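These numbers were taken from a predicted model, which means no experiment stands behind them. The figures here come from the full heavy-atom set of this structure, side chains too, leaving out hydrogens, waters and symmetry mates. Residues take their numbers from the sequence shown, with the count starting at 1.
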Amino acid sequence: MKRFLMIAVAMMPLMLMAQAKIGIVNSQQIFDLMPEKVAAEAQLKALSDRYHAEYELLKGEFDKKYADYQTVAADASMPETIKERRVQELQESDKKMRDFERKAADDIAARRAALTRPITDKLQAAIRTAGQQGSFDLVLDTAVTPVAYTGPATIDITPMVKSLLGLD
């Protein structure tokens, strides 16, 4: 009798899982279809292009200073103090470029997060709605968590989510 109870208790989670209604969704596939994503990408490209143009100006200044330094360094009659000042100018210009590059990358990343947050929130809300409408106990996102196998009882709710978002 004791053995029977232990087996019954051990089998309980398996019996519960057999009754669970499980859905899968590919959020990345849906995200890529959303028109808001295209608009966000356009804004990010414009911002990136502006930063790239400014970086090219900084690089042009650096290249000019480097060419001037090479001329000064090749002149044996040039005092060492002037050569040292030119090296220092080069180092400062290089630091300015690296700082700008880092700040630009940080700004672009922050802007990307700000632009994509509402889109992902909208997508997650649609996934929740589809899960509730379909009375699913569990919905797995195959874009985030790879699923090695799904049985015939698993339902792909990607089309349902697309429909809720008007992406049919």
Side-chain angles (χ1 to χ4, degrees), residues 1-63 91 93-168:
M1 182 70 169
K2 191 176 192 183
R3 197 174 262 178
F4 175 74
L5 283 174
M6 287 178 57
I7 292 173
V9 168
M11 296 296 286
M12 190 77 84
L14 295 175
M15 291 186 293
L16 291 175
M17 282 300 286
Q19 297 172 9
K21 188 171 179 185
I22 300 172
I24 58 170
V25 66
N26 187 333
S27 65
Q28 187 62 51
Q29 179 188 43
I30 299 167
F31 182 81
D32 290 341
L33 296 173
M34 296 178 75
E36 297 95 331
K37 179 197 176 223
V38 174
E41 284 179 341
Q43 287 182 31
L44 287 171
K45 178 156 179 18
L47 180 63
S48 178
D49 289 348
R50 279 186 248 135
Y51 275 126
H52 181 72
E54 186 65 25
Y55 180 79
E56 287 300 316
L57 288 174
L58 288 172
K59 187 176 180 316
E61 289 175 17
F62 177 84
D63 291 344
Q91 290 170 341
S93 185
D94 182 56
K95 182 184 180 321
K96 191 166 42 168
M97 283 174 39
R98 283 185 281 123
D99 289 347
F100 178 80
E101 213 171 9
R102 182 183 41 77
K103 288 177 183 177
D106 290 348
D107 187 38
I108 290 170
R111 183 71 171 191
R112 174 180 274 98
L115 289 170
T116 58
R117 170 60 60 203
I119 302 168
T120 55
D121 288 349
K122 181 179 177 180
L123 176 58
Q124 289 303 313
I127 292 170
R128 274 191 303 279
T129 300
Q132 291 166 352
Q133 286 178 355
S135 300
F136 288 92
D137 297 308
L138 177 68
V139 175
L140 299 172
D141 187 350
T142 58
V144 177
T145 307
V147 177
Y149 171 77
T150 58
T154 305
I155 301 167
D156 185 359
I157 66 166
T158 302
M160 188 185 310
V161 176
K162 286 180 185 177
S163 178
L164 286 170
L165 292 169
L167 302 173
D168 301 284

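- The distance from the CG atom of L33 to the CG atom of L123 is 10.5 Å, given to the nearest 0.5 Å.
- Here the CG atom belonging to L165 is positioned 6.0 Å from the NZ atom belonging to K122, to the nearest 0.5 angstrom.
- Residues L164 and Q133 are in side-chain contact: their nearest non-hydrogen atoms beyond the backbone lie under 4.5 Å apart.
- Of the possible donor and acceptor atoms, none in the side chain of S48 sits under 3.5 Å from a partner among the backbone N and O of L44.
- Rounding to the nearest 0.5 Å gives a distance of 11.0 Å between CD1 of I108 and NZ of K45.
- Across all their heavy atoms, I157 and I127 have their closest contact at CD1-O, 4.4 Å.
- Nearest heavy atoms, P146 versus V144: CD-O, 3.7 Å.
- To the nearest 0.5 Å, atom CD of residue E61 and atom CD of residue E56 are 12.0 Å apart.
- Of all heavy-atom pairs between K59 and M97, the closest is CA-SD, 3.9 Å.
- The pair E41-K37 counts as a salt bridge, with a side-chain nitrogen and a carboxylate oxygen less than 4.0 angstrom apart.
- Listed by first and then second residue, the side-chain hydrogen bond (donor to acceptor under 3.5 Å, both in side chains) pairs involving residues 145-161 are D156-T158 (not counting sequence neighbours).
- A distance of 11.0 Å separates OG1 of T116 from CE of M34, quoted to the nearest 0.5 Å.
- Using a 4.5 Å cut-off on side-chain heavy atoms (C-beta onward), L47 and Q43 make no contact.
- The backbone N or O of P159 lies less than 3.5 Å from no partner atom in the side chain of S163, so there is not a single donor-acceptor pair.
- The heavy-atom pair separating V139 from G131 by the smallest distance is CG2-CA, 4.3 Å.
- Between the side chain of K21 and the main chain of G134, a donor-acceptor pair closer than 3.5 Å is present.
- For residues 97-107, the side-chain hydrogen bond (donor to acceptor under 3.5 Å, both in side chains) pairs, not counting sequence neighbours, are Y51-D107, D94-R98, K95-D99.
- Contact between D137 and A20 at its shortest, heavy atoms only, is OD2-CA, 3.2 Å.
- Interatomic distance, CD1 of I22 versus CD1 of I155, reported as 10.0 Å (0.5 Å rounding).
- Taking each heavy atom of F136 and G23 in turn, the nearest pair found is CD2-N, 3.5 Å.
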